[in-house]
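Letters A, B, ... are given to chains in the order of the sequence lines, protein chains preceding strands, and every chain is numbered from 1.
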Amino acid sequence: MTHYDAPAIEKKWQRCWQDKECFTADQPDSSAPNHKPKYYVLEMFPYPSGRIHMGHVRNYTLGDVVARFRRAQGFNVLHPMGWDAFGLPAENAAMERGIHPGKWTVENIAAMRTQLQSMGLSYDWNRELATCTPDYYQHEQRMFLKFLDAGLAYRKESWVNWDPVENTVLANEQVVDGRGWRSGAPVERRLLSQWFLRITKYADHLLAAIDGLDRWPDRVRLMQHNWIGKSEGARISFHITDNPDQTDADTYAGRAIEVFTTRPDTLYGASFIAIAANHPLAREIATHDKGAADFAAECAQLGTSEAAVETADKKGYDTGLFVAHPVIDGATLPVHIANFVLMDYGTGAIFGCPAHDQRDLDFATAYGLPVLPVILPEDAPDTVDAGSFTITDTAYTGPGKLINSGEWDGLDVEAGKQAAFTTLASAGTGQAETTFRLRDWGVSRQRYWGCPIPIIHCDSCGAVPVPDDQLPVQLPEDVDFTQPGNPLANHPSWKHTNCPTCGKAAMREQDTFDTFFESSWYFLRYCDPKHKNGFSAEAAQYWMPVDQYIGGVEHAVLHLLYSRFFTRALSEVGYLDLAEPFAGLMTQGMVCHQTFQDKDGKWLFPTDVERDGDNWVTRSDNASVTAGRIEKMSKSKRNVVDPELIIGTYGADTARLFMLSDSPPERDMEWTESGVEGASRFLKKIWRLAADDTIAPPDAVMPDTADSAAQDLVKTVHKTILAITKDIEDFRFNRAVAQLHTLSNAISTLAPDIAGSAEARRFAIENLAMLIAPLTPHIAEEMWHMLGHDTMLANTDWPTADPAVAADDEVEIGVQVNGKLRATITLPRDCPNEDAEAKALASDAVSRYLEGKSPKRVIVVPNRIINVVA
RNA sequence: GCGGCUGUGGCGGAAUGGUAGACGCGGCGGAUUCAAAAUCCGCUCCUGGUGACAGGGUGGGGGUUCAAGUCCCUUCAGCCGUACCA
């Protein structure tokens, strides 16, 4: 008996699959109708960082199981792979190591492709794409120009993080505590003119269509729902008053500040107006008010990330201006500039009602503003009324009746809102309005390594699209990363061109697209990867939507929402006719590993340490090591395991099996050495089963005289087929693996010398090979081969089970007395409830607990449980 | 801050509202071996008991139900996202 030689087996079958083109997807052909139903499996394509990591191994193993399973079930499967090849890391490599981003990227792709191929993934490599090639990105230049024609793209000013030392725009992740990550200089907010895609046009559609995404995880649907953030409220105008104490007031008197609120019912409780630091009025005031200017500068240091803005201490600046209360005659409210008001949401201005909004209350407390309750809580004691109800340090946001609110008194919150709409509308100072949290998608990036935006700026003609015959606009190769700023803007000649309209000297747009642009349509390119227009409507119509999309939950909102929008936008401009790109979605958890630190707190690689009894020590010099928390694998904490090392040591099948074994796919998992060993041990075990020469030859038939134990094994096989089929359909791969363990235990414990054993074991091992094939395809093919087949499992149908054989005749069920388990009894399956009840009551344990009394009630759940209520 | 998720033996996890802990890891005991590795068999939630068995148990607190890991309320801890990382 030869031993299980994973590297040799894996290489052999990978070559076989390739030679026989097992995984080439059939393009639909109208002259030869394809009777197989299509199935599109897609994993989120990787950024080519240079080496695959365990997150990739997990992601692509999950996808490969689905692809192989569906192919075995008779689907025409499309399972492609490519490279999300534009992005910041390539530019960082260029700056740090002097290597060209393109060269770096191409080398990384080559290395990672080899690594992926060693995993035995069933990709149709003919469809491979890399987004950094003009062959790919030229299509998005045309898409963008069509969006522009259709009014789906436009230009406006927006804020960026500016590093004054590096002269570059920083990504949010490059801003650490308000400073540039490389320069350490405090960042400034700067306004730049940038391109936007009008995703908000589809806000309602994108929101409503979430209901139809029934094969998406609920949490992702909820996150998208909340991200779009539809809220219905009112827009209210507050007019600035004359104020004798304020010399500037005349400049502003009579002008309106537009406020959006979801709580117009609390208008009587308003005690101030707060506007964003970058609100037009605030910026105007800052031009002549040093205090306002200083405050704006302070706010600008927070950078542009929402988390930074929202977690900052609530601060404000009193402008000295007042506005008239729109409902209370003669009342005025002070106008503050506040750091917690966002210009991007609503109108960039709010009215503060401290009694019923915690943030407003914190602000009012800090700045000595009045707190007037206008909602009396539903559950307030009778002794509390409008006069005595007070708010101290907790705002009340629940339901109740309006108080201190003039003619609205006594209404509930909902009726109060309606009353407010009526009052405001008749006074002409406000109306009902719906706003969305979702903002238009800013696609301009001040970077080199991205798709050039095909626009020419002409002093006379403005922003002019690059004519079709001049597309694609290609990136220049000769760029310099040694000087600060955007290399595309620094390039001596690339940006200079002539205006396509008037012919005068003009400048190219020097920004490139956000890399989410590429990932918003790559799934369409795969449908027809050589097509001159990016893809054909026919191919897209056939393959789309993606039946099963798999990737990290970190993309739950942005990438998925942008892709949903992009598919709609492309349909609007005539590329195809489809709204939703992803019919099914599975979001995988992270791969984690224990962390290790030496006595100086330096992070250590798992390969640097070893166990010494209950402790950990360094391999090199036995120094003691602190074993820390189990965290997401990351380079910075060095708690990484290299997939190539694992595949080299144990084989791809072992790595794949361990990925699928213990944790459910959507949950975080911990990579452990012992887990890998366990997976490896299991594969060696099933290998020995297939290599056993006491099993029957192919085509052997179970003898009529077969022992009942042999028949039980056959039954177990049928049960296992049913269970694993369901488990794979439901993405419960860890359970499928457990079923495989149970089956292999049943095979190995069946005595070899009883009647029917040899035949039953052949039947079981053949099915074991077929069932494990999607998970560990190489060893499955080899076992199939060892069992005497000259076909390939890659071309073999999924096994089917006979439910009648799988069904048990008897069931063992629990008997409870008052909800506590007291006995178990065996009953014929589906026996009448009366029989079940009689047998339960007859059991010793039950009569002991009943103490001769008759039960009050007996609940019989057929084949499940019996509960006797005493 | 806001939005989302997760929490079950020593560990990863299993459990259509119906016998909590399948399966694996680790551990303990045994077989095999000159010995070891590998392999095979048995035991393994906690407490008490020789045992049959009894009691407790799904982050904490409360509730609904004949029955709650599962549903509801509340609270704590950790993780993900937060619009220029991908």
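- Nucleic acid contact for A:Arg864: base, since at least one base atom lies under 4.0 Å from a heavy atom of the residue.
- Across all strands shown, B:A31 pairs with B:U39; the Watson-Crick or G-U wobble distances both stay below 3.5 Å.
- B:A67 sits 14 Å from B:A20 when the P atoms are compared, rounded to a whole Å.
- Of the inter-residue distances, the one linking A:Leu560 atom CG with A:Trp216 atom CH2 reads 4.5 Å to the nearest 0.5 angstrom.
- The separation of B:A36 from B:U32, taken at their P atoms, amounts to 12 Å, rounded to a whole angstrom.
- Nearer the 5' end of RNA chain B, as judged by each residue's closest nucleotide, is the contact made by A:Ile866, out of A:Ile866 and A:His741.
- In this entry B:G26 has B:U44 as its Watson-Crick or G-U wobble partner, both defining distances falling under 3.5 Å.
- Note that the CG atom of A:Leu771 and the CD atom of A:Gln739 stand 10.0 Å from one another [nearest 0.5 Å].
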Just the atom pairs and distances: protein N or O near nucleotides 37-47 of chain B's N or O, under 3.5 Å.
unit_1 : atom_1 : unit_2   : atom_2 : d
B:U39  : O3'    : A:Arg688 : NH2    : 3.3

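- Between A:Thr304 and A:Asn172, the side chains place a donor N or O and an acceptor N or O closer than 3.5 Å (distance only, hydrogens not considered).
- The C1' atoms of B:G21 and B:U58 are separated by 10 Å, rounded to the nearest whole Å.
- In this structure, the CD1 atom of A:Ile859 is 14 Å from the P atom of B:G18, given to the nearest Å.
- Nucleotide B:G21: unpaired (no Watson-Crick or G-U wobble partner with both distances less than 3.5 Å).
- Here A:Asn818 does not reach the OP1 or OP2 of B:A67: none of its side-chain N or O atoms lies under 4.0 Å away.
- Counting non-hydrogen atoms under 4.0 angstrom, A:Thr824 reaches a base of the nucleic acid.
- When the C1' atom is compared between B:G18 and B:G12, the two are found 26 Å apart, to the nearest whole Å.
- Taking atom CD of A:Glu677 as the reference point, atom C1' of B:C25 lies 11 Å away to the nearest angstrom.
- When only modelled atom types and interatomic distance are considered, A:Thr654 and A:Tyr4 share no side-chain donor-acceptor pair under 3.5 Å.
- Between the C1' atom of B:G3 and the CD atom of A:Gln224 lies a distance of 13 Å, rounded to the nearest Å.
- If you measure from atom CD1 of A:Ile630 to atom C1' of B:G13, you get 14 Å, rounded to the nearest angstrom.
- As a whole-Å value, the separation of A:Asp662 CG from B:C11 C1' is 10 Å.
- Across B:G30 and B:G24, the matching P atoms stand 22 Å from one another, rounded to whole Å.
- In this structure, A:Ile724 places its CD1 atom 14 Å from C1' of B:A22, rounding to the nearest Å.
- Neither side chain, A:Glu670 nor A:Gln594, offers a donor N or O lying under 3.5 Å from an acceptor on the other.
- With a 3.5 Å ceiling on both atom-pair distances, the Watson-Crick or G-U wobble partner of B:C79 is B:G4.
- If you check every strand for non-hydrogen atoms under 4.0 Å, A:Thr742 touches sugar and phosphate atoms only.
- Summarising the geometry, the separation between CE on A:Met669 and P on B:U6 is reported as 18 Å, rounded to the nearest angstrom.
- Separating the P atom of B:G60 from that of B:G51 is a span of 29 Å, rounded to the nearest Å.
- Nucleotide B:U58 forms a pair with no other nucleotide shown, judged by Watson-Crick or G-U wobble geometry with both contacts under 3.5 Å.
- A donor-acceptor pair is defined here as one N or O able to donate and one able to accept, closer than 3.5 Å; no such pair exists between the side chain of A:Asp662 and the backbone of A:Gly675.
- OP1 and OP2 of B:A67 both lie 4.0 Å or more from every side-chain N or O belonging to A:Asn867.
- For the side-chain hydrogen bond (donor to acceptor under 3.5 Å, both in side chains) criterion with A:Gln446, the lone passing option out of A:Asp511, A:Asn486, A:Thr168 is A:Asp511.
- Remark: the separation of the P atoms in B:C73 and B:C5 is 12 Å, to the nearest Å.
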Exercise. Take nucleotides 78-86 of chain B nucleotide by nucleotide from the 5' end and write B, S or -, depending on whether a protein heavy atom sits under 4.0 Å from the base, only from the sugar-phosphate, or from neither.
Key: SSSSBBBBB

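- For B:C71, the paired nucleotide is B:G63, the pair qualifying as Watson-Crick or G-U wobble because both relevant distances are below 3.5 Å.
- Between A:Lys820 and B:G56 there is a side-chain N or O to OP1 or OP2 distance below 4.0 Å.
- Between the P atoms of B:C66 and B:G61, the separation comes to 23 Å (whole Å).
- Its glycosidic angle being within 90° of 0, B:G9 falls on the syn side.
- Residue A:Gln816 is classed as a base contact, given a heavy-atom separation below 4.0 Å to a base.
- Between the side chains of A:Asn745 and A:Lys685, at least one donor N or O sits under 3.5 Å from an acceptor N or O.
- Side chains of A:Gln588 and A:Asn59: a donor on one and an acceptor on the other come within 3.5 Å.
- Using a 4.0 Å heavy-atom cutoff across all strands shown, A:Glu812 reaches at least one base atom of the nucleic acid.
- With no hydrogens or angles considered, a side-chain donor-acceptor pair links A:Trp195 and A:Glu509 at under 3.5 Å.
- Screening A:Tyr562, A:Phe86, A:Tyr522 for a ring-ring contact (aromatic ring centres under 6.0 Å, His included) with A:Phe516, the sole residue that qualifies is A:Tyr562.
- In a base pair of the Watson-Crick type (N1 to N3 plus N6-O4 or O6-N4) or a G-U wobble (N1-O2 and O6-N3), with each distance short of 3.5 Å, B:G9 is matched with no nucleotide.
- Judged by closest nucleotide on RNA chain B, A:Val220 is the one of A:Val220 and A:Val737 placed further toward the 5' end.
- Of the candidates B:G4, B:U19, B:G12, B:G12 carries the atom nearest the A:Glu670 side chain, counting heavy atoms from C-beta on.
- If you check the side chains of A:Ser158 and A:Gln194, you find a donor sitting under 3.5 Å from an acceptor.
- At distances below 3.5 Å, not a single donor-acceptor pair connects side-chain atoms of A:Ser843 with backbone N or O atoms of A:Lys839.
- A tilted orientation is assigned to the rings of A:Tyr47 and A:Trp104, their planes being inclined by 30° to 60°.
- The aromatic rings of A:Phe513 and A:Phe517 lie parallel to each other, with less than 30° between the two planes, well short of the 60° mark.
- Here B:G18 presents its P atom at 9 Å from CD1 of A:Ile865, a figure rounded to the nearest Å.
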Output a table of nitrogen or oxygen pairs between the protein and nucleotides 52-54 of chain B separated by less than 3.5 Å.
unit_1 : atom_1 : unit_2   : atom_2 : d
B:A54  : OP1    : A:Tyr849 : OH     : 2.4

